[in-house]
Structures are given as C-alpha cells and as structure tokens.
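Worksheet for the structure shown next.
Side chains included, hydrogens not; waters and symmetry mates left out as well; all remaining heavy atoms used. A quick note: this is a predicted structure, and the numbers were derived from the prediction, not measured.
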Amino acid sequence: MNKTPTAQLKALIKEARAAIAAGADPQAWEAVRVAYLGRKGSITTVAKRLSELLPEERRDFGRLFNEIKEDLLARITKAQAAYHKTHGDARLMAGRIDASAPIRPELQGSIHPISQTMSEIIEIMARMGFAEVRGPDIEDDWHNFTALNFLPDHPARDMQDTFYLASEETPPPLLRTHTSPSGQIRTMLSSPPPYRVICPGRVFRCDADSTHSPMFHQIEGLWIDRDVTMGHLKGCLVQLVQAFFDLDDPPLRFRPSFFPFTEPSMEVDIRYRRSEGKLILGEGEDWMEILGCGMTHPNVLRSCKVPEEYQGFAFGLGVERLTMLKHGISDIRNFYASDMRWLRHYGFSVLEAALPRS
C-alpha cells in the first residue's frame, strides 16, 4: 500500500536527520542536502505529489514541507559551523608563531625609502610647528580644481592628465592629482585660521616613464596667519632643504613660475654637479628644480571663506623626486617593482633608519 505524501515526508525527515548526525565533514552534509533537498532530492520529489491531495489537505502539507526544509537546512548549517570552529581553531594552533624566537635574517623587513623620506620631512616640519593632516584619495572636482582657482578650461582637467571615475555625477569624481585639496582646501574649511599644516599622501596622474609614475607621493605645506610673509616661506624651505639633504648652506634659487593656487608663484632650484656618474647637490654651476611654492592666491582664500586679514603660503614637493636625489636612485619605477634585492639595498632598518639632523 502506497504511503500518502504526508507520511512519506515524515519518514524522510527521520532519515535525513540521521544522515546529518552521521556526517563527519562539510562534503558529507552537502551530499545529504542534495540527496534530500536538491532538485531531484527525495523530499523535493515527494513535494511534487501535492496535486494528489484534497484542497483542504494541501495547506497543511505545504506548511509541513517548509518546516522540514527549514529544519534540515538549520541542522546542516549548525553542523558545518561547529566543524569549521573546531578545525579552524586546530589550524590556528598549528600555525602559531613563537614571537620570542630569534629573527631570521632572511625574513627581516625594512622601511621603504619613500616611507623613510616622508617620516624625515614630517619630522623636520614638526620642529617648525607644522601639524600633519590627511585626506581622501578620491576627490570631487570642486576640492581638486575649482576651489584651487583652476579655470574651467585648464589643461589639468583633461582626461589625458586626470583619472576620472565612472559615475553619473557631473563632473565625475576623480583620483586626486595633488595633495592640495586636503593640505589647503579641506584644512581651511574644517576650522577658523590660523593654519600651519603639512599633508602627505598619494596622488595620481596619467603619466609613466623613468621619472614619472601614475601613482606617486606628495607633501603639501600650508601656513596661513595674519602676518605670514614670503620671508617665512623662504626661511621654512631653506631649513627643510638644509636638514633633509644635510647641507650647511644650501645654494637655492627661487625662480618665478605659475601655479593657479598661488600668487606670486615660484619654483625652488638647488645647485648640483655630476662627478663620475654621481649627482652631488649643493655644488657646481647647474640648477635642478626640487619643489614648487608661493603665496596663497586670494581666490583660494575666498573659496574657503578665510577672513581678508589673513594671508600665507603653500608649497608642494614630490617625495619620490627628493628620495631619488638624496639616495642616487635613477628610475622611479623601481620604487614599485617589489624587487627584494632593491629593497634590501635601499631600504632602512627599523632600528637604524636615518633621522634628519637637528
């Protein structure tokens, strides 16, 4: 005599529960799920007999089927969770590291030259009273361009120079092309003046060769107060170059230039010469540009609603460029090549990392 669909379900749930209890690993429980609840599973097959029941019996049968399905899935999930907890703890115990064991020389890490340079510059500027601030890598057009006095048709906005992100916004968000949006705009919008900050971070531009990278690092400096002059700007930069390159009297040249967010604007050059293939800074008759600076443009101050009695300066420097000059690195691409031999040669020990001189 054939069993009714309801009787079959009640018999099958006992079998399925026993099979789950007998399972020893996730593969076994997955096999139980497929055998009973899969598309061709025995419980699923019985559910297809719903049409054989009287209308008043179908509702109870459907409720029973759903309860059985939920019960079996809950048991399987619980068994799998217990298995992963037990075996996961065992794997963690087996993979424990003895932190008291001596360090193996071949596994010792080092401080990347870029990180070392950023730490040195932050330390130098901190002695002059500059606080460190940070900002987002993804910016909007207003913070990255408009508030910094970039005209709507400025070439820096073009796709050839800027990484724009896919978005329905107009204009779309972008990867910041300089640290000025945070070092200047976000800083001045966050609190009333005065400000004396530096902002280190990554920036992005569509450019790649031996001296340019699509992702590199900058440090932005900003000092805004009632009596800040170009003399303060020059004094800060001379001290920075003096301490970073360990030069007693660095021969610097402040050359007129143009940046949308400063007026007047200058580029700072340092004397250098080459000897036997090496670059020697502070000597010779040739000049090399090392950073850009200037007095903060009034339009930038107005964009940030800074009162008119305040003025100041901003400067920006490329971390990779200064690192290459200081340590004789010829190709910027080596910074990101993940070559362990290069890192061991140019990297700094955690305990022996050179700090800038006082």
Side-chain angles (χ1 to χ4, degrees), residues 1-101 107 109 134-144 159 162-176 181-182 186 201-202 204 214-215 336 338:
M1 181 177 178
N2 292 333
K3 292 183 179 179
T4 65
T6 301
Q8 281 187 297
L9 280 183
K10 291 180 178 179
L12 288 171
I13 190 174
K14 292 181 180 179
E15 293 180 12
R17 286 172 175 172
I20 293 170
D25 54 49
Q27 290 77 17
W29 294 312
E30 176 63 14
V32 172
R33 187 194 67 78
V34 173
Y36 288 91
L37 299 175
R39 291 180 58 188
K40 298 182 179 180
S42 54
I43 291 179
T44 304
T45 302
V46 172
K48 295 177 182 179
R49 296 182 60 192
L50 184 66
S51 59
E52 301 177 13
L53 299 175
L54 296 173
E56 59 270 19
E57 295 176 331
R58 293 177 184 175
R59 184 177 61 183
D60 293 337
F61 179 84
R63 184 186 301 112
L64 177 62
F65 171 76
N66 288 331
E67 290 175 354
I68 289 174
K69 183 177 179 181
E70 291 176 3
D71 176 78
L72 295 181
L73 290 176
R75 289 171 182 266
I76 290 172
T77 300
K78 182 178 180 181
Q80 289 176 333
Y83 176 89
H84 287 304
K85 183 179 187 307
T86 301
H87 289 74
D89 290 347
R91 286 196 300 271
L92 287 174
M93 292 299 292
R96 274 194 315 177
I97 297 175
D98 184 0
S100 65
L107 298 181
R134 298 273 180 168
D137 290 348
I138 298 177
E139 277 290 2
D140 56 61
D141 181 90
W142 190 86
H143 284 88
N144 197 82
M159 288 289 293
T162 304
F163 289 104
Y164 287 95
L165 307 181
S167 173
E168 296 181 358
E169 298 178 34
T170 303
L174 50 90
L175 296 178
R176 65 180 179 183
S182 299
R186 291 186 181 275
R202 296 176 298 181
F204 308 84
M215 188 281 290
Y336 315 108
S338 299

Where Pro172 and Tyr164 come nearest, the two heavy atoms and their spacing: CG-CD2, 3.6 Å

Leu72 side, atom CG; Ile13 side, atom CD1 - distance, nearest 0.5 Å: 5.0 Å

Spacing of CD belonging to Glu70 relative to CG belonging to Leu37, to within rounding of 0.5 Å: 11.0 Å

Heavy-atom closest contact (Pro136 atom, Ser182 atom, distance): CD-OG, 3.7 Å

Donor-acceptor under 3.5 Å (Thr44 side chain, Gly38 main chain): yes

Note, Trp29 side chain near Thr77 side chain (heavy atom, < 4.5 Å): no

Gap between atom CD1 of Ile138 and atom CZ of Phe204 - 0.5 Å precision: 8.5 Å

Steps toward side-chain contact (heavy atoms from CB on, under 4.5 Å) verdict (Lys10, Leu64): CA-CA 9 Å; Lys10 291 180 178 179; Leu64 177 62; 4.2 Å; yes

Contact summary for Lys40 and Thr45, nearest pair of heavy atoms: O-OG1, 3.7 Å

Inter-residue atom distance Leu174.CG - Leu165.CG, 0.5 Å rounding: 7.0 Å

Interatomic spacing from CD1 in Ile43 to CD in Gln8 - rounded to 0.5 Å: 11.0 Å

Rounded distance [0.5 Å steps], CD in Glu139 versus OG1 in Thr162: 12.5 Å

Heavy-atom pair with the smallest gap, counting every atom of Glu169 and Ser167: N-OG, 3.0 Å

Side chains of Ile20 and Arg17 in contact at under 4.5 Å (non-hydrogen atoms): no

Nearest heavy-atom neighbours spanning Ala19 and Val32: CB-CG2, 3.8 Å

Side-chain donor/acceptor of Arg176 to backbone N/O of Arg202, under 3.5 Å: yes

Minimum heavy-atom distance Asp141-Pro171, with the two atoms named: CB-CG, 3.3 Å

